[in-house]
Number of protein chains: 2
Amino acid sequence: MGEAFEGTIAFRVVVALRDDIVTMALKPGDVISESDIAGRYGVSRQPVREAFIRLAQQGLLLIRPKRATVVKKISPDGVRQSRFIRESIEVEIIRRVATAPAAETAAVLAELIADQEAASAANDSRRFHKLDELFHRTLARLAGVEYAWQLIDDHKMQLDRVRYLTLGVSSSQRAIAEHKIIAEAVSKGDVASAEAAMRAHLGRAELLLNQTIEDFPDYFE
Amino acid sequence: MGEAFEGTIAFRVVVALRDDIVTMALKPGDVISESDIAGRYGVSRQPVREAFIRLAQQGLLLIRPKRATVVKKISPDGVRQSRFIRESIEVEIIRRVATAPAAETAAVLAELIADQEAASAANDSRRFHKLDELFHRTLARLAGVEYAWQLIDDHKMQLDRVRYLTLGVSSSQRAIAEHKIIAEAVSKGDVASAEAAMRAHLGRAELLLNQTIEDFPDYFE
DNA sequence: TTCTTTCATCTTGTATGGTAGATCAAACTT
DNA sequence: AAGTTTGATCTACCATACAAGATGAAAGAA
């Protein structure tokens with residue numbers, strides 16, 4: 001997002017609150033108020049209020065006029081549709097890249113996968129997560145639609161909350177293997193295989209979601 | 001978007017400004033200020049400020065800290081990528097609906113097309129535009145991803161600004177003919193034809209964009 | 001007891017005053 | 001004349017005070 005207000009207090013509050021929400025320090029259903037947060041951060045209500053507005057538009061908060069503001073519960077159907085949107089766009093991206101692969105494509109993807117293997121070997125899950133994201137964003141860049149990835153990124157916050165609930169079960173080995181299949185198909189210009197591999201790669205999240213709903217029913221609508 | 005603040009002044013300002021921007025009453029590059037708009041609507045600066053924040057997050061305004069706020073110029077690349085997103089999602093939607101068409105599908109789409117023909121015959125272009133939108137949103141509903149359409153709708157605002165610049169050239173006849181082809185393929189469960197028809201239907205906008213950039217260069221980045 | 005009503009106390013919404021950064025033109029210096 | 005500095009005047013940012021709706025518990029009526 002082109003956040004053009006980085007120096008402001010409101011920006012600091014947005015970043016802090018968003019982090020708290022995604023990492024589940026603020027749990028779905030938690031009630032917060034402008035004065036509450038203002039006091040906690042030692043600022044006035046005004047910048048907090050503006051942060052609330054921004055986070056509400058991102059689907060993380062629900063401002064209830066004259067009542068209170070709550071951390072939005074995760075909507076299973078919303079997550080499902082976010083996945084639908086992501087799969088639609090990423091499939092189209094992979095088609096474009098595979099249809100006319102640029103010269104650099106194979107090398108760039110291979111290097112990213114090598115980095116991922118290094119991070120996996122070092123058990124650095126945070127770095128692996130970053131590299132995983134970078135892999136997908138790079139594909140968007142190669143397709144000339146990096147902005148489209150930003151859109152996915154916005155909606156990925158909901159998914160990230162789910163992901164955070166299931167920390168540690170991420171099998172980076174399998175993800176890397178799937179990345180390799182995708183990269184190979186793309187580099188060869190095999191559109192159909194690339195699309196199928198991407199769908200398989202993204203499809204695994206569905207099971208994860210259902211499991212998570214069972215484990216943490218209070219966090220979902 | 002689940003705008004949950006309909007009774008407020010800020011909401012009225014958002015609606016009014018968004019309408020002004022989409023209809024080009026406020027032109028790309030126009031400079032506005034909180035006090036300016038506040039005075040014009042007879043309200044205080046506070047709700048105007050909040051409206052600015054919301055519109056900035058929707059990509060219609062650019063708030064420049066300590067300087068001024070301008071109506072964002074239209075980014076040709078942004079419009080192109082919005083089209084990419086829309087096509088990705090709508091193609092996936094049409095696939096889903098065509099793969100397993102519900103019983104009601106054919107009848108629902110036929111009725112919508114009939115309404116469109118009536119609006120076209122009556123030369124009611126505003127009503128036709130609404131029905132055109134409804135056709136696409138209905139497909140999303142039939143695919144069980146109506147929320148995905150809301151996403152398209154948000155990003156469609158940029159396209160709507162372009163569309164408004166080229167008023168009158170909308171050939172509703174051709175659009176209706178294309179809708180018929182789509183509806184028929186979907187009803188028959190012919191996935192490949194439905195997808196191709198949808199791509200062709202959405203693809204026409206590219207030419208329109210290039211023409212518009214030539215005609216109104218000042219409104220684009 | 002059970003239902004109704006009142007009212008203290010939450011909340012967000014709005015108005016307004018002051019602050020500091022950004023801009024630009026006029027005055028000044030060289 | 002050309003470049004520099006100053007200062008008036010914009011702007012958005014923030015703090016604060018007040019208004020009004022929503023809530024829930026306590027007091028009162030049946």
Side-chain angles (χ1 to χ4, degrees), chain A residues 1-18 20-21 26-73 221, chain B residues 1-21 26-73 218 221:
Chain A
M1 210 167 316
E3 326 235 35
F5 62 113
E6 299 188 16
T8 68
I9 296 177
F11 179 77
R12 288 210 324 267
V13 176
V14 165
V15 172
L17 282 179
R18 182 162 46 200
D20 281 349
I21 293 172
L26 283 174
K27 304 187 194 321
D30 278 2
V31 175
I32 57 182
S33 79
E34 295 172 0
S35 4
D36 174 20
I37 303 297
R40 193 180 308 177
Y41 287 92
V43 300
S44 83
R45 264 183 56 210
Q46 180 65 21
V48 174
R49 177 174 175 75
E50 299 179 1
F52 277 20
I53 291 175
R54 290 187 156 94
L55 293 170
Q57 275 208 334
Q58 293 178 16
L60 295 180
L61 292 182
L62 176 64
I63 301 173
R64 302 179 300 179
K66 303 293 170 70
R67 283 171 65 189
T69 294
V70 301
V71 180
K72 255 200 160 185
K73 294 202 174 186
E221 285 178 354
Chain B
M1 206 165 320
E3 326 236 34
F5 61 114
E6 299 188 16
T8 68
I9 295 178
F11 179 76
R12 288 211 324 268
V13 177
V14 165
V15 172
L17 282 179
R18 182 161 48 198
D19 191 67
D20 281 350
I21 293 172
L26 283 174
K27 303 189 195 321
D30 279 1
V31 175
I32 58 183
S33 80
E34 293 174 0
S35 4
D36 175 20
I37 301 297
R40 193 179 308 176
Y41 286 93
V43 300
S44 83
R45 283 160 27 217
Q46 179 66 18
V48 174
R49 175 175 175 75
E50 299 183 0
F52 277 20
I53 292 174
R54 290 186 155 95
L55 292 170
Q57 273 207 334
Q58 294 178 15
L60 295 179
L61 292 182
L62 177 63
I63 300 174
R64 302 180 300 179
K66 302 294 167 68
R67 282 170 65 190
T69 294
V70 301
V71 179
K72 255 200 159 182
K73 294 202 176 187
D218 288 349
E221 281 179 357

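Here is the naming used below: chain letters follow the sequence lines, and residue numbers restart at 1 for every chain.
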In whole Å, what is the span from the [atom1] atom of [X] to the [atom2] atom of [N]?
X: A/Asp36; N: C/dT9; atom1: CG; atom2: P; answer: 19 Å
X: A/Ile53; N: C/dT14; atom1: CD1; atom2: C1'; answer: 12 Å
X: B/Arg12; N: C/dG13; atom1: CZ; atom2: P; answer: 15 Å
X: A/Ile9; N: D/dC13; atom1: CD1; atom2: P; answer: 11 Å

Any [X] side-chain heavy atom under 4.5 Å of [Y] side chain:
X: A/Leu62; Y: A/Thr69; answer: no
X: B/Tyr41; Y: B/Ile9; answer: no
X: B/Leu60; Y: B/Leu17; answer: no
X: A/Arg18; Y: A/Leu55; answer: yes

### Query
Which listed nucleotide (D/dA12, D/dC14, C/dT12) is nearest to the side chain of A/Ser44?
D/dC14
### Summary
Going 5' to 3' through nucleotides 21-26 of chain C and flagging B where a protein heavy-atom sits under 4.0 Å of the base, S where only the sugar-phosphate is that close, and - otherwise, we get BSS---
### Task
Pick base, sugar-phosphate or nothing for A/Ile32, based on heavy-atom distances below 4.0 Å to the nucleic acid.
sugar-phosphate
### Task
Answer yes or no: side-chain N or O of A/Arg45 and base N or O of C/dG13 forming a donor-acceptor pair under 3.5 Å.
yes
### Summary
DNA chain C nearest-nucleotide lookup for A/Gln46 and A/Phe52: closer to the 5′ end is A/Phe52
#### Entry: Distance test, side-chain N/O of B/Thr8 to OP1/OP2 of C/dG13, below 4.0 Å
no
### Task
Look at A/Thr69 and C/dT11 and indicate whether a side-chain polar atom (N or O) is within less than 4.0 Å of OP1 or OP2.
no
